[in-house]
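One structure below.
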Amino acid sequence: MTALSQVRDQLRKPKEIKEAEPRLPLRTQIALQLACVFITLTVLFPILWIFALALDPRNISRPDGLIPPGASLAAFARVLARPTSDEIGFLELARNSFVLASSVALFSVLIGVLAAYAFSRLRFRGREALMIAVLGVLMLPAVATIAPLFIMLNSVRVELPILGQFNLRQSLVGVAFAVISGALPFAIWNLKGYLDTIPKELEEAAAVDGATRNQSFFQVVLPLAMPALAVTAFLGFVSGWTEFYFVSIFLNDPSQGFTLSLALNKMVGAFGQTPWSDFAAFSILFAAPVSVVFFFFQKYIVGGLAIGGVKG
Amino acid sequence: MSAPVITAAAPGRRRRRFSPDARTALLYLAPAFAVMGIITFYPLLFQTWMSFTDFGLKNLSGKIAPNGVGIDNYVRIAESELNIPNFEFLRLLFFNLFWAFSNVVIHVILGVGIALILNTKGLKFRGIYRALFILPVIIPPIIVATVWRNLFDQDNGAFNMVLAGIGVLFKIPPDAFKIDWLGQPDDPFSFIPLPLAYFALLAANTWLGWPMNSVVATGALQSIPPDLYEAAEIDGANRWQKFRTVTLPFLRPAMVPYAIYGFVITFNLFYLSFFMSGGGPFGRTELFVTQAYKLVNDFQLYGVAAAFSVYMFFILMVLTLITNRLARATASYAD
């Protein structure tokens, strides 16, 4: 995977150093400003459209301007109460998405960082073969194993003390399994890339002081890898938060743990008139939590994103 | 396939003081491979077995075993003989390849072009533009897809509205702009055998895709030492010559791997095709990933879906091998 590691190296390069800005000829300045303003308009147009749509009180399709006449937050109130015809409110949908997203983030990073450390630091037989296995899975889109996972999870009935008895396929637990299958190889690969950049000398010094391998991992490497762990966990969270195809194939009843993405699909897929204002308000509420985090931490996340998202 | 990366780690000079690596490695790798064994590798094997059966809805309960059908599923897929509407294997393959290729070309050109503009020394408000241009990257793709589905809506979409608004100025009745962007069966250009929905998807994915290319290109541009440009100027190079001899050699090692990576991502891009055109009109904007989804979810043809996924697996493997060879061929440029 030379391609991926090259991308990462490029992105991890230190950014520019401040230098004196020369003055541009006025004509060039104006031409470039016009180009930039045009690009800004194309970038902002869909976003502004959705905001205007969400504020429109008529719940139709077309906003009459950025702030439409009689703008109100009624659409937000409606989707918070009950976004689709299903008997399930926004908060419950969001809770299900959150549970799914957090478990994907947590498990992929916890399990991933151990494997990443082994690949990054330890020499053992079969290392190359195992790494290629991880990479092969990384290249595979999640949909590629959907048929066997459906059949396999469908045949498992579990009984848990708190959650009761259920079919694994028809539950968020089963969905989480499937999503982790995509998030884990990415976490391993991404974290290995980061661990490779932590100088070996630090661990060698620890070894001289008598630290064992485990102590060296937990007390030297892990604290240093915290930024990478956070970014990888966030990317895992986003993939769980917006997960659609496993949820939509596995679950068939709202009580099994419908998520925000399913409600979104139901809103745009509805026959007849789509309630566009409600849809717009819902989209904003759905995207906001991850987009805001992303926006403020983009410097740290973009490097991880460039090689992530392989699972679409 | 990843030899350069793997062999890069040289053995430490100091004498090893930790306990033998192999046993530790087993401990550290066990959780990950236990999980991957259960939810990835075993399903892949199970899938291969399923692909040789007629596994369907009736077998779901586990009481009736599916019948072995040999390579029947594979043959029927390759000959487009499935009992589902609008399925044509070769058309699907070529469309999917062309979809990925055309998108990546546009992304790279726009991404590099805009990065060059934003890298112009002395350009005002550069920071503001950079902050704004990252917006498409931070919005979850599922939302981007549904929003663009709304923009292209026939009755209430933004684009038809805007066109009608412009049309009024030229005394064209607004009813002339009821363009069915995502479902129109006739091709917009008689000499290009692609439906209008393809161009709509292309527009949406262009919006989605160029900013990240621009970020990668910016990183490469900022790694160019300014003295190289000065030296080129002293040698009397014009703007184009400076671009070709200084900028391009620095861009290439960053952009080629990213373009390859983008190709795989776009090849497997589920959300746009699924939410915007739904694969239509007549399955002509269907991709492998959306088709696989429909085989399982809409048609419950689990055996066929398994064979289909095995095809996908090999196509992706071939693509990965080819692209990695390309990446390595251009990598020497960087070193």
Side-chain angles (χ1 to χ4, degrees), chain A residues 1-3 5-7 10-11 13 16 21-24 32 35-36 40 43 46 49-50 61-62 111 114-115 117-118 122-124 128 132 135 137 139 141 143-149 154-155 177 181 200 204 207 213 242 244-245 249 261 264 268 283 286-287 290-291 294-295 298 302 312, chain B residues 2 4-6 12 14 17-18 21-22 24-25 28-29 31-32 39-40 43 46-47 62 117 121-123 129 132-135 138-140 142-143 146-147 149 156 158 161 215 219-220 222-223 254 257-258 260-261 268-270 289 292-293 296-297 302 305-306 309 312 316 320 327-328 331:
Chain A
M1 217 47 37
T2 46
S5 41
Q6 282 170 28
V7 170
Q10 282 297 333
L11 287 164
K13 271 188 187 148
E16 72 189 315
E21 297 263 310
R23 194 167 272 226
L24 271 187
L32 291 182
C36 287
T40 307
V43 166
W49 175 270
I50 282 303
S61 43
R62 143 183 50 136
I111 302 173
L114 292 175
Y117 182 74
L122 306 177
R123 307 280 152 261
F124 53 92
E128 294 202 11
I132 286 171
L135 278 172
V137 177
M139 282 290 130
V143 196
T145 51
I146 206 158
L149 277 175
N154 193 53
S155 63
F177 267 119
S181 79
K200 274 203 178 61
E204 284 166 3
R213 212 14 128 176
T242 60
F244 171 72
Y245 31 76
I249 289 186
S261 59
L264 184 75
V268 290
S283 303
F286 187 2
V290 289
S291 298
F294 209 136
F295 188 78
Q298 47 173 294
V302 157
Chain B
S2 46
V5 181
I6 291 166
R14 233 178 261 249
R17 284 165 192 266
F18 290 119
D21 277 351
T24 323
Y28 277 75
L29 289 173
I39 57 181
T40 309
F46 189 72
Q47 167 149 285
I117 292 178
K121 298 271 181 308
L123 181 73
Y129 290 132
L132 287 175
F133 293 175
I134 201 75
L135 286 174
I138 69 170
I139 300 170
I142 185 171
I143 311 255
T146 46
V147 166
R149 151 86 182 76
N156 305 309
M161 298 289 166
V215 169
Q222 290 175 345
S223 71
Y258 192 71
I260 287 169
Y261 167 75
N268 292 329
L269 197 67
F270 178 83
V289 280
Y293 174 93
V296 171
N297 199 47
Y302 303 113
S309 293
M312 247 173 97
L316 278 169
T320 311
R328 210 173 306 165

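Side-chain atoms are counted along with the backbone in the values below, which use heavy atoms only and exclude waters and symmetry mates. Here is the naming used below: chain letters follow the sequence lines, and residue numbers restart at 1 for every chain.
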Please flag which part of [X] lies under 4.5 Å from any non-hydrogen atom of chain A: side chain, backbone, both or neither.
{"X": "V296(B)", "result": "side chain"}
{"X": "L316(B)", "result": "side chain"}
{"X": "I134(B)", "result": "side chain"}

Find the one option among [options] whose heavy-atom pairs under 4.5 Å with chain A are most numerous.
{"options": "I139(B), I142(B), I117(B)", "result": "I142(B)"}
{"options": "N297(B), T146(B), L132(B), V289(B)", "result": "T146(B)"}
{"options": "A306(B), P31(B), A158(B)", "result": "A158(B)"}
{"options": "P43(B), A292(B), A32(B)", "result": "P43(B)"}

Fill in the blank from the handout: Looking only at I146(A), V43(A), T40(A), the option with the highest number of non-hydrogen pairs under 4.5 Å against chain B is V43(A)

Handout entry: Max heavy-atom pair count under 4.5 Å with chain B, selected residue of A147(A), S261(A), A118(A)
Key = A147(A)

Practice task
Would you please test S291(A) and L135(B) for side chain to side chain contact (heavy atoms under 4.5 Å, CB included) and show each step?
Solution key: CA-CA 9 Å; S291(A) 298; L135(B) 286 174; over 6 Å; no

Fill in the blank from the handout: Nearest heavy-atom contact between F46(B) and P148(A) is CD2-CB, 3.7 Å

Completion exercise
Note: R213(A) and Y28(B) closest approach over all heavy atoms is O-OH, 4.2 Å

Fill in the blank from the handout: In this structure, CD1 of I143(B) is separated from OG1 of T242(A) (nearest 0.5 Å) by 8.5 Å

Practice task
Starting at CZ of F177(A), measure out to OG1 of T40(B) and round the result to the nearest 0.5 Å.
Solution key: 11.5 Å

Exercise for the section: Taking the side chain as every heavy atom from C-beta outward, state whether T145(A) and S309(B) have any pair of such atoms under 4.5 Å apart. Expected result: no

Problem - Side chain to side chain, L114(A) and L29(B), heavy atoms closer than 4.5 Å - result: no

Practice task
Can you sort out the partners of F124(A) under ring-ring contact (aromatic ring centres under 6.0 Å, His included), two or more places apart, ordered by chain and number?
Solution key: none

Completion exercise
Taken in chain and number order and not counting sequence neighbours, the residues that satisfy ring-ring contact (aromatic ring centres under 6.0 Å, His included) with Y302(B) are F150(A)

Exercise for the section: Would you check if the side chain of Q47(B) reaches a backbone N or O of L149(A) as a donor-acceptor pair within less than 3.5 Å? Expected result: no

Exercise for the section: Give a yes or no on whether the ring-centroid distance for Y245(A) and Y293(B) is below 6.0 angstrom. Expected result: no

Handout entry: Segment of I249(A) engaging chain B (4.5 angstrom heavy-atom cut-off)
Key = both

